[in-house]
Amino acid sequence: MISEHSLPTPVRVRFAPSPTGTLHVGSARTALYNYLFARHQRGIFVLRIEDTDAARSRQEFERSILDDLAWLGLEWDEGPDKGGDLGSYRQSERSGAGLYSGYARRLMDENKAYHCFCSQERLEELKQECLSRNEMPQYDRRCGDIPRQEAEARLAAGEPAAIRFRVADGEVVVDDLIHGRTVFPAGVIGDFIIVRSDGGPSYNFAVVVDDIDMEITHVIRGEDHLTNSARQLLVYRALAQEPPSFAHHSLIMGPDGGKLSKRHGATSVGEFRRLGYLPAAIINYLALLSWAPPSGREQMSKAEMIKDFEIHRVARSPAIFDLQKLNWLNGLHIRDLDGEAFHKAITPFMGRAAGLASEGQLAVAEKAVQTSLVTLADAAGQLAAFFDQKPLAEAEEAAELINAASMRVLELALARAAALNGAAEFNAAGAGEEIEAARLMLSGLKQECRQEEIAPKQMYRTFRIALTGRASGPELPFLLAGLARETVRQRLEAARDFAAARLGSKGQAG
RNA sequence: GCCCCCAUCGUCUAGUGGCCCAGGACACCGCCCUUUCAAGGCGGCGGCGGGGAUUCGAAUUCCCCUGGGGGCACCA
């Protein structure tokens, strides 16, 4: 038994997205598992861009994928923007440098690959034939026995040709770190293309060459690649190279059990970012989607995940994406942020509040919402009380102000409000003290009301409605500290006058 | 259709033959705390897909069925 610590080769893993779209949460999870595995083993995490599909690849997608990965905190050690000793990390550049052709020539020379001149149309017919015979579609090897000289001649004459890998009979065993041993009969695989007729390497070929050149030791990717792994294993064998270890994790499903797609809501990292999710919560949730540490802990920091992550503990079955649990974790991580970090995180979501408010007011508002947010984007709604007072005449709740007790509360409150500092008069550093002062003022007022036999509940409710025109919102001490002293006075007076007017007319009518 | 993978509460999971008439978390419901809404605390509801076999004993091993997922490109 060899212990992990005595493994001679340093672990090298890679995340290899193709820049044909933005970073999906499924891909992000693949990246995360690679990252956690690498960091746990003190290995190297490589980022490689698989852009051999020139028609679909776009520069802007590459940039956005890099952005999202960085935002998630999955730093890579080698990559297209960072460089590294083992070559270019963009397949298009590697192809341009001729890195694949040498390997392809070698396979040709050893008769392990051959030129295929079949047309797209013939291939399509072949597929339909197989299907109609209830067989797994595969190439019939028509070009497999064309003599080398004849092939060269046709090539020289300008006939387009792809290069196919000759799949030998037998079986292919994928030894998987998560699934264990799975066996594919080679017969069902069929000779696959390794070099397209345009000269570019196909996926299954480029990946193997890159992984060899980049000395990748472990390939961690989604289960949708299981059959690709079988093909790639064949290429390693043909090239007489030691293959890496494989691990295929399950895929993420939508709530209805089907493939996770846009109709289920947000699916890309960028969308979650804009919706107000914290990167810490996203990677925490994604990790939990099919992995659990021995401790059973749910909320974890990145460092804790790195410490505990072990690939063999990743579950084998598909996992359904559960937004509610992500929401729960997001709330926990928001609450865990210290003042400065929360300020940084929430600022982009403060909307017009940021421009409207003083530094002191902003500081109070932030303290007021941090304990109750699910997403950062929820802040705007919760902050409305600070900035949009519903006119009392329009507020249904204002009816509760029209009675003697409420009037009395407003009088007493008005008398004490003068002693308060409003947020216009202090800065962020003083926010805590002012909130405390507001708390004190409220408890004094409560005592006073008690003596006059007014229930605290009524006092608080009256106060709240008078200040905001609403029955719910941030805690009163925050509201009091967060509004300018002058605003507090005006609103209390307006409420008193409002109530007095209705009470008076009511009296006259009766 | 063929090949491969998977199968514990609604959801994510713990569980590697006896510690499990199955534990935790989210969600849901109730109670408590409380100036509102949250948060927090406490409690409740709820599951080993079915059938065989092995065994003194099976969620755990094997087989079959069923169900779900993935793959079957000159896409990655």
Exercise for the section: Output the single nucleotide from U13(B), C26(B), G71(B) whose closest atom is nearest the side chain of Thr227(A). Expected result: G71(B)

Problem - Rounded interatomic separation in angstrom, taking CG from Leu329(A) and C1' from A27(B) - result: 13 Å

Problem - Beyond-backbone contact of Arg94(A) with Met214(A), side-chain heavy atoms, under 4.5 angstrom - result: yes

Fill in the blank from the handout: So side chain to side chain donor-acceptor pair (under 3.5 Å) across residues 166-177 of chain A, not counting sequence neighbours, yields Asn111(A)-Arg166(A), Asp176(A)-His248(A)

Exercise for the section: Find the distance Met253(A):CE to G70(B):C1' and express it as a whole number of Å. Expected result: 8 Å

Practice task
Between U35(B), G24(B), C72(B), spot the one nearest the side chain of Glu298(A), thanks.
Solution key: G24(B)

Exercise for the section: Have a look at Ser197(A) and say if it touches a base, only the backbone sugar-phosphate, or nothing, with a 4.0 Å heavy-atom cut-off. Expected result: base

Problem - Whole-angstrom distance between C20(B) and C65(B), as gauged at atom C1' - result: 27 Å

Practice task
State which of C4(B), U35(B), A27(B) makes the closest approach to the side chain of Trp328(A).
Solution key: A27(B)

Handout entry: Spacing between Gln138(A) atom CD and G71(B) atom P, to the nearest angstrom
Key = 18 Å

Practice task
Taking only the side-chain heavy atoms of Ser290(A) (C-beta and beyond), determine which of C6(B), U13(B), C72(B) contains the nearest atom.
Solution key: U13(B)

Completion exercise
From the candidates A38(B), G70(B), U35(B), the one with an atom nearest any side-chain atom of Leu251(A) is G70(B)

Completion exercise
Winner on side-chain proximity to Lys325(A), out of U35(B), C72(B), A25(B), is A25(B)

Practice task
Answer yes or no: side-chain N or O of Ser472(A) and base N or O of C37(B) forming a donor-acceptor pair under 3.5 Å.
Solution key: no

Handout entry: Closest non-hydrogen atom pair, Leu412(A) against Cys449(A)
Key = CD1-SG, 4.2 Å

Handout entry: Salt-bridge contact Lys325(A)-Glu298(A) (side-chain N to carboxylate O under 4.0 Å)
Key = yes

Practice task
Look at the side chain of Asp322(A) against the base of A27(B) and say whether a donor-acceptor pair falls under 3.5 Å; ignore hydrogens and angles.
Solution key: no

Problem - Minimum-distance nucleotide to His179(A) side chain [options: C6(B), A38(B), A76(B)] - result: C6(B)

Problem - Rounded distance (Å) that lies between atom P of U13(B) and atom CD1 of Ile252(A) - result: 10 Å

Exercise for the section: Could you tell me how the ring of His249(A) sits relative to the ring of Tyr33(A): parallel (under 30°), tilted (30 to 60°) or perpendicular (over 60°)? Expected result: perpendicular

Practice task
For Ser57(A), report the nucleic acid contact type (base, sugar-phosphate, nothing); a contact means any heavy atom under 4.0 Å.
Solution key: nothing

Completion exercise
Looking only at A39(B), U36(B), A73(B), the nucleotide nearest the Lys457(A) side chain is U36(B)

Handout entry: C1' atoms of C29(B) and G68(B), separation to the nearest Å
Key = 30 Å

Exercise for the section: Could you let me know what G67(B) is paired to, Watson-Crick or G-U wobble, both distances under 3.5 Å, or none if it's on its own? Expected result: C6(B)

Handout entry: Interatomic distance where CG belongs to Asp308(A) and P belongs to A14(B) [whole Å]
Key = 14 Å

Practice task
Mind calculating the distance between CD1 (Ile334(A)) and C1' (A38(B)) to the nearest angstrom?
Solution key: 12 Å

Exercise for the section: Would you indicate whether the side-chain heavy atoms of Phe165(A) and Leu234(A) approach each other to under 4.5 Å? Expected result: yes

Problem - A76(B) phosphate, OP1 or OP2, under 4.0 Å from Arg196(A) side-chain N/O - result: yes

Completion exercise
Among U35(B), C74(B), C12(B), the one nearest any side-chain atom of Ile193(A) is C74(B)

Completion exercise
Whole-Å distance, Leu126(A) CG to C74(B) P, equals 10 Å

Exercise for the section: Provide the distance between the two P atoms, one in A22(B) and one in G44(B), to the nearest whole Å. Expected result: 13 Å

Handout entry: Euclidean distance, atom CE of residue Met300(A) to atom C1' of A25(B) [Å, nearest integer]
Key = 11 Å

Fill in the blank from the handout: Looking only at C4(B), G70(B), A38(B), the nucleotide nearest the Lys259(A) side chain is G70(B)

